[in-house]
Structure formats: C-alpha cells, structure tokens
There are 2 protein chains.
Amino acid sequence: MNSSADMLLTPSDPTDTGTQQIRDAIRDAIVERRLAPGTKLSESDVGGLFNVSRTLARAALQALAYEGLVNVERNRGAFVAYPSPEEARQIFAARRLVEPGILKSAAERITAAQLKQLGQLLLEEGRLIGERGQSARRAEIKASGDFHLMLASISGNLIMQRFMEELVARSSLVIALYGQSSASSCGHSEHADIITALGRKDVDTACDLMLHHIEHIEADLDLRERKSFDLREAFER
Amino acid sequence: MNSSADMLLTPSDPTDTGTQQIRDAIRDAIVERRLAPGTKLSESDVGGLFNVSRTLARAALQALAYEGLVNVERNRGAFVAYPSPEEARQIFAARRLVEPGILKSAAERITAAQLKQLGQLLLEEGRLIGERGQSARRAEIKASGDFHLMLASISGNLIMQRFMEELVARSSLVIALYGQSSASSCGHSEHADIITALGRKDVDTACDLMLHHIEHIEADLDLRERKSFDLREAFER
DNA sequence: GTGCATATTATTGTATGCAATATAACGGCG
DNA sequence: CGCCGTTATATTGCATACAATAATATGCAC
C-alpha cells in the first residue's frame, strides 16, 4: 500500500480553497523535485494526504495536467510528467522564443524599486548556492526560476507571466531528468549579467545574454533518446 | 428557468470521452460567438444539454477556465469570459510577442505540401467572406483563426501551438466585445501577403507583415474603458 | 411605496457510492 | 519452469446525495 510517494509536504494551510491549495502544494513538490517524474499520484493517496475527498484530489490533478506537470492516462490515473527529449526541446524552444520579448517589455517598464528587488533576489540566490543541504538546493531551484518569473511579472503581461510559470515549472522537470552538471540550476552569474545590462537600459545585450543563458541551460542537457523511452512511463515508479 | 443560454450546438457525438467533447463544443460556441461574453453557464444546464452529470459539466467548465474562456467565481458559477480592455491589450501584446517567432520557426520547417494547404485555407477563407448568413460568418471566424493556428502547427512546437490556440480563442472574444468594423475578423489579404512572403522564403518581411497584421486587428478595437466595467460581468446576462 | 430583515429557492462545493477498467495474484497446463 | 487464462483486488470514471452559499422572494415596519 501507499505505493504513491509519501511526499513530505505541508498539507496544512488554513487560507485558500481546497483544490488550489492541493494543486500548489503538489506543483511545488514537483518543481522542487521532491516528486520524481513518473511517480504515480493516486487520487485516494492525494486526497488522504490533504484530508479531502477524491473529488478535490482529482480536480487538483486535472489542473496540474493542464499545466503539463502531470499526465493523466484514461483509466490509469495521474503521474508526474515525464517529458520526452522532444518535449524538452520544445519547452526550451518556447523559452528562447518568448523570454527575449518578455525581457524587452520588462525593460521598458521596470522601476528602480523593481530593479532593486531583482538584485535582492539575486543575492538570495547567491547565498543559497553557498549553502549545503537538500532544502538549500530546493530553495536554490526555486530562486533560480523566480528570477525569470519576476522578469515576466515586471513585463506587466499576466498572460505571458502565466505562460512563463508553466515553462519554468516544466523546465525544472526537464533539468531533473536530463541535466548533467551538478549545478542544480542555471548559471548564477548569467542572471547577474542580465540585470546589470538591464540596469544600464541596454536592452539588446540583455536579450542576447538571456538567449545565451537559455542556451547554456539547454547545453547542459543530455537529450539523447533513452533506451526505454516512455516504456510505460519508465515502469511508473 | 433555463436562464442559461440554450445554445444550439450539437450535443451528440458518440466518439471521444465526455469532458473533452463538452469542452470542445462549448469552446467552439464561444469562439464562434454563439455564446456571448458574460453568459452564465450553469453546471446543471450544461450537464443537461449533453446528458451527463454535473460532475462532467463542472470538469469541462474548469478546463475552459484554465484556457481563459470562462470565468468561474467561487460559489457563483461559471460565465463566458468577459475580457477587460486591459486583458485585451495583453492578449494582443502576447500575440505580437509570439507570432513573429512562430512564423520564423514555421518558415524554417514548412514543406511544399504545407504551403499548398495554407493556400487552400486561404481560398476557403476568401470564399466564406463572399457568402452571407450566420453560419458563413462563423465559418469565416474559424477559418481566420485557423490560419494563425496552422502556422503554429507547422512550426512544430506543440507548446507554442497550444498557447496560440488559447490566444486565438481569446482574441475572438475580444473582437466580439470591442471590434468596431463590420469585418468579422482580420484582413484576408494580409493573410495572403504573409503566405506569398513565406513562399519566397522571405522570413523577415513575412514577420513584418504578421506584426502589422496583428496591429491592424488591434487598431479596429475600441478599448476605451466602458462605463460599467465588470459591473458584475455586465449584469451576467 | 421604500427599505430592511427574514424565509424560500436555486446553485454550487464536497463527499460518497456504484459500475467499469486496469492491475495483480493465482492456478492449471503444456 | 514458464506461459496463459481466470479470478481477485485496487483504482478510476461517473453519478448521485447532502451541505453550504448565494440569489430571490416575501413580509413587515415605517
């Protein structure tokens, strides 16, 4: 029993309505890699963990499926997504396509306060890289993604922001699956370079740096077709 | 009773699984403007129309909410989305940001057969513009959107394709709400121009044309803040 | 007749129950 | 011993039932 991962996430939080809370908790767990790709997420288990009925658990899983973080197979259930190399390529292609434009919009609208906030985020990120331990790694992953998300937020376009949230989350899955270097996430210095370029309103180089940054992350992936590609989601751990 | 729109869509189709079928049918109804923005979509009514329980109806509505075509307000129910002028701007900003890149990818991969297909789509579109009647208008709206979607499909990036589907669908809502010109959709000739540029592998002008095309659509919108902005979804018709 | 408090109705939120499907366990047979 | 068909178990798909909330109607005071 309990073949599903007994994820160690905080199932408590009085605020917010059921489904969303569950969805957020599971998403965090996936993005922070406490839930491995392919892990089965049974409705009963999820419901049990959060003390809700299968109805809500199911709704949360469905929502995560829309975000591409979970695959639901008919009559078989929900699994943490296991992006194929091709999907991985498309995710990063999407980021290359979208992030320069977002950065450009952000550059046009950014305020001094926001620039400062970005700097603080960077500092935090740097601090975490120095620390050891699981939780520091997780926080680092999150901070690294948050950099890109904050830029999207600054751009002021909620639609692009949501799309980026999806892309960043799925990127985390891809890196977990295909990343080679020990560096848990993207190069910290590159983030800094982008910000300094942004600070001097040098949009073009900022965009260039962003593109290279994404390419660097991608270069660290080993996207060769694995032997058993998708073989029942790698035996659905 | 039956305050919800009695939409005249075919509620029958043996193939495909419940939720998805409902979702697609309602989405089509929204995109083709048979369902006006703000229309209430009660779970019972939707379920009744498709002869399924509220469970499935609810799931379909939730899915549409994720696509931005429906707003669900807690304890109040689901309504056909009523994008604010600001949302409208963001939707088109997103399209300006994304479509040139998609077009570029498409240009790199397009085959002769696909180019021909695009031409046929254009012909069909032209034919529909000549015709009169509601159903021709609807088909025209769809064809016009399909042009952009086919480009996304040719680009080979499923993620961008899905994103474009969302944007095109929401654009239809925006045009329904804020469009001024009688032309139900975008300029037909501009589509043609883009394709000819694509035909001679002239990516740069194709992208330029696409940008202008989007700007033209946007220029036809009257995005001044309406008097009762969001006043309970315009009295939730 | 208007305004407000109350009661009634309708609709949504959530849990539970049953049928259908898939997975796993079992046992005979080659 | 391995293979295959059967049975048993677990899990999902869907519908229904009940509780909670919002919308509406009613009645009373003024």
Side-chain angles (χ1 to χ4, degrees), chain A residues 1-6 11-26 38-66 70-80 230-237, chain B residues 1-6 11-26 38-66 70-80 230-237:
Chain A
M1 222 127 297
N2 195 6
S3 68
S4 300
D6 46 328
S12 61
D13 184 331
T15 160
D16 205 345
T17 173
T19 301
Q20 203 157 343
Q21 184 187 334
I22 299 172
R23 175 169 60 78
D24 291 348
I26 298 182
T39 306
K40 163 134 200 181
L41 301 171
S42 98
E43 298 176 357
S44 332
D45 287 3
V46 172
L49 262 173
F50 293 91
N51 292 105
V52 295
S53 75
R54 272 181 52 217
T55 305
L56 293 194
R58 188 185 177 84
L61 292 171
Q62 211 98 20
L64 289 165
Y66 300 141
V70 156
N71 285 339
V72 300
E73 296 176 35
R74 175 154 184 103
N75 284 323
R76 286 198 10 101
F79 305 83
V80 177
D230 252 27
L231 197 42
R232 223 45 184 290
E233 298 284 2
F235 306 103
E236 64 172 76
R237 73 204 53 187
Chain B
M1 221 128 295
N2 196 6
S3 66
S4 298
D6 46 328
S12 60
D13 185 332
T15 161
D16 203 347
T17 175
T19 301
Q20 202 157 347
Q21 183 187 335
I22 299 172
R23 175 169 59 79
D24 291 348
I26 298 182
T39 306
K40 164 134 195 177
L41 300 171
S42 96
E43 297 176 356
S44 331
D45 287 4
V46 172
L49 263 172
F50 293 92
N51 292 106
V52 296
S53 75
R54 271 181 53 214
T55 306
L56 291 196
R58 186 184 177 84
L61 291 171
Q62 216 102 19
L64 288 165
Y66 192 80
V70 157
N71 285 340
V72 300
E73 297 175 36
R74 178 160 182 100
N75 282 324
R76 286 198 11 106
F79 305 82
V80 177
D230 253 27
L231 195 42
R232 222 50 185 285
E233 299 283 3
F235 306 104
E236 62 169 79
R237 74 203 49 186

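Numbered from 1 within each chain, the chains take letters A, B, ... in sequence-line order.
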Table of protein N/O atoms under 3.5 Å from nucleotides 13-17 of chain C N/O atoms:
from: dG13(C); atom 1: OP1; to: Asn75(B); atom 2: N; distance (Å): 3.1
from: dG13(C); atom 1: OP2; to: Arg58(B); atom 2: NH1; distance (Å): 2.4
from: dG13(C); atom 1: OP2; to: Arg58(B); atom 2: NH2; distance (Å): 2.8
from: dG13(C); atom 1: N7; to: Arg54(B); atom 2: NH2; distance (Å): 2.8
from: dG13(C); atom 1: O6; to: Arg54(B); atom 2: NH1; distance (Å): 3.0
from: dA15(C); atom 1: OP2; to: Ser53(A); atom 2: N; distance (Å): 2.8
from: dA15(C); atom 1: OP2; to: Ser53(A); atom 2: OG; distance (Å): 2.6
from: dA15(C); atom 1: N7; to: Thr55(A); atom 2: OG1; distance (Å): 2.8
from: dT16(C); atom 1: O4; to: Thr55(A); atom 2: OG1; distance (Å): 3.4

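Taking both residues in full, the closest heavy atoms of Gly47(B) and Ala57(B) are given as N-CB, 3.6 Å, listed atom of the first, atom of the second, then distance.
Arg23(B) contributes atom CZ, which lies 11.5 Å from atom CG of Leu61(B) (distance to the nearest 0.5 angstrom). From Thr19(B), atom OG1 reaches atom CD of Gln62(B) across 11.0 Å, with rounding to the nearest 0.5 Å.
For Lys40(B) (side chain) and Arg76(B) (main-chain N/O), a donor-acceptor pair under 3.5 Å exists by modelled atom type.
Look at Lys40(B) and you won't find any side-chain N or O under 4.0 angstrom from OP1 or OP2 of dA23(D).
Exactly one of Leu56(A), Asp45(A), Ile22(A) qualifies for a side-chain contact (heavy atoms from CB on, under 4.5 Å) with Phe50(A). That residue is Ile22(A).
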